[in-house]
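One structure below.
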Amino acid sequence: MAQQKTVEELEKFKKEHPIITIPCFRESALTAAYTWAGISIPWYFWKGRGFGPQAVALGSLGSLVTSTIHWNYCRRTYNEKKREYLLMTALLKEEQQRSDAMRRKLYDEYKEELEDIDKHIDPKWVRNKPK
């Protein structure tokens, strides 16, 4: 009961905040924040108090560049994985259909022999026949 409530809350939160559902957004935003802090703070301490706006501008530029690079790299790998997943599911579905067709063909071909064998075997040992 408690888990259903948390799942419902999560779905409500996702509907209210759709940007979180975008793949790679969170990672790119965190990369931008870390880059901004990694550039601006040391620049501010190295240059001194008078260069605060310059440190902010340099940190913002660096975070924009690194987050854009990270976004592109992450989306490319995400799309490659998604494409591979769709390809594998299509191949597995095709293989399953081919396997089922082969099984039906073999069953139809040897139907009489299998029925003769089934007459002589205890019913609890007979395997399920393909549909």
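Only a predicted model underlies this, so the values are computations on that prediction, with no experimental measurement involved.
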Problem set entry | Glu9 and Lys12 ion-paired at < 4.0 Å |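 Here Glu9 does not pair with Lys12 in a salt bridge, since their nearest N and O are not under 4.0 Å apart.
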
Exercise. Is Asp108 salt-bridged to Lys105, cutoff N-O under 4.0 Å?
Worked result: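 A salt bridge is absent here (no side-chain N lies under 4.0 Å from a carboxylate O).
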
Shortest non-hydrogen separation from [X] to [Y] and the atoms involved:
X: Arg98; Y: Glu95; result: NH2-OE2, 2.7 Å
X: Ile39; Y: Pro42; result: O-CD, 3.6 Å
X: Cys24; Y: Tyr78; result: SG-CB, 4.3 Å

Could you give the distance from [atom1] ([X]) to [atom2] ([Y]), rounded to the nearest 0.5 Å?
X: Leu30; Y: Ser67; atom1: CG; atom2: OG; value: 11.0 Å
X: Glu84; Y: Leu91; atom1: CD; atom2: CG; value: 11.5 Å
X: Lys93; Y: Gln96; atom1: NZ; atom2: CD; value: 11.0 Å
X: Lys81; Y: Met88; atom1: NZ; atom2: CE; value: 15.5 Å
X: Tyr34; Y: Thr66; atom1: OH; atom2: OG1; value: 12.5 Å

Which pairs would a plain distance check flag for residues 50-57, meaning a side-chain donor or acceptor within less than 3.5 Å of a matching protein atom at least two apart in sequence or in another chain?
none

For this session: Quick one: list whatever passes salt bridge (charged side-chain N to carboxylate O under 4.0 Å, His left out) with Arg83, sequence neighbours left out.
Result: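 Salt bridge (charged side-chain N to carboxylate O under 4.0 Å, His left out) list for Arg83, sorted by chain: empty.
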
Other residues, nucleotides and ligands only: do more than 12 of their heavy atoms fall within 6.0 Å of [atom1] on [X]?
X: Glu112; atom1: CD; result: no
X: Lys47; atom1: NZ; result: yes
X: Glu94; atom1: CD; result: no

Exercise. With hydrophobic residues grouped by side-chain heavy-atom distances under 4.5 Å, do Tyr110 and Met102 end up in a single group?
Worked result: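 Yes; Met102 is reachable from Tyr110 via cluster members.
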
Exercise. With no hydrogens and no angle check, do the side chains of Ser63 and Thr35 hold a donor and an acceptor under 3.5 Å apart?
Worked result: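 Ser63 vs Thr35: no donor-acceptor pair found between side chains.
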
Exercise. Got a donor-acceptor contact below 3.5 angstrom from the Ser28 side chain to the Phe25 backbone?
Worked result: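 Not at all, since once roles are kept as given, no pair shorter than 3.5 Å links the two residues.
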
Problem set entry | Check: Leu86 main-chain N/O paired with Thr89 side-chain donor or acceptor under 3.5 Å |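 Flag set: sc Thr89 to bb Leu86 pair under 3.5 Å.
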
Problem set entry | ring pair (Phe, Tyr, Trp, His ring centres under 6.0 Å) against Trp43, all qualifying residues, sequence neighbours excluded |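 For Trp43 the ring pair (Phe, Tyr, Trp, His ring centres under 6.0 Å) partners, ignoring immediate neighbours, are Trp46.
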
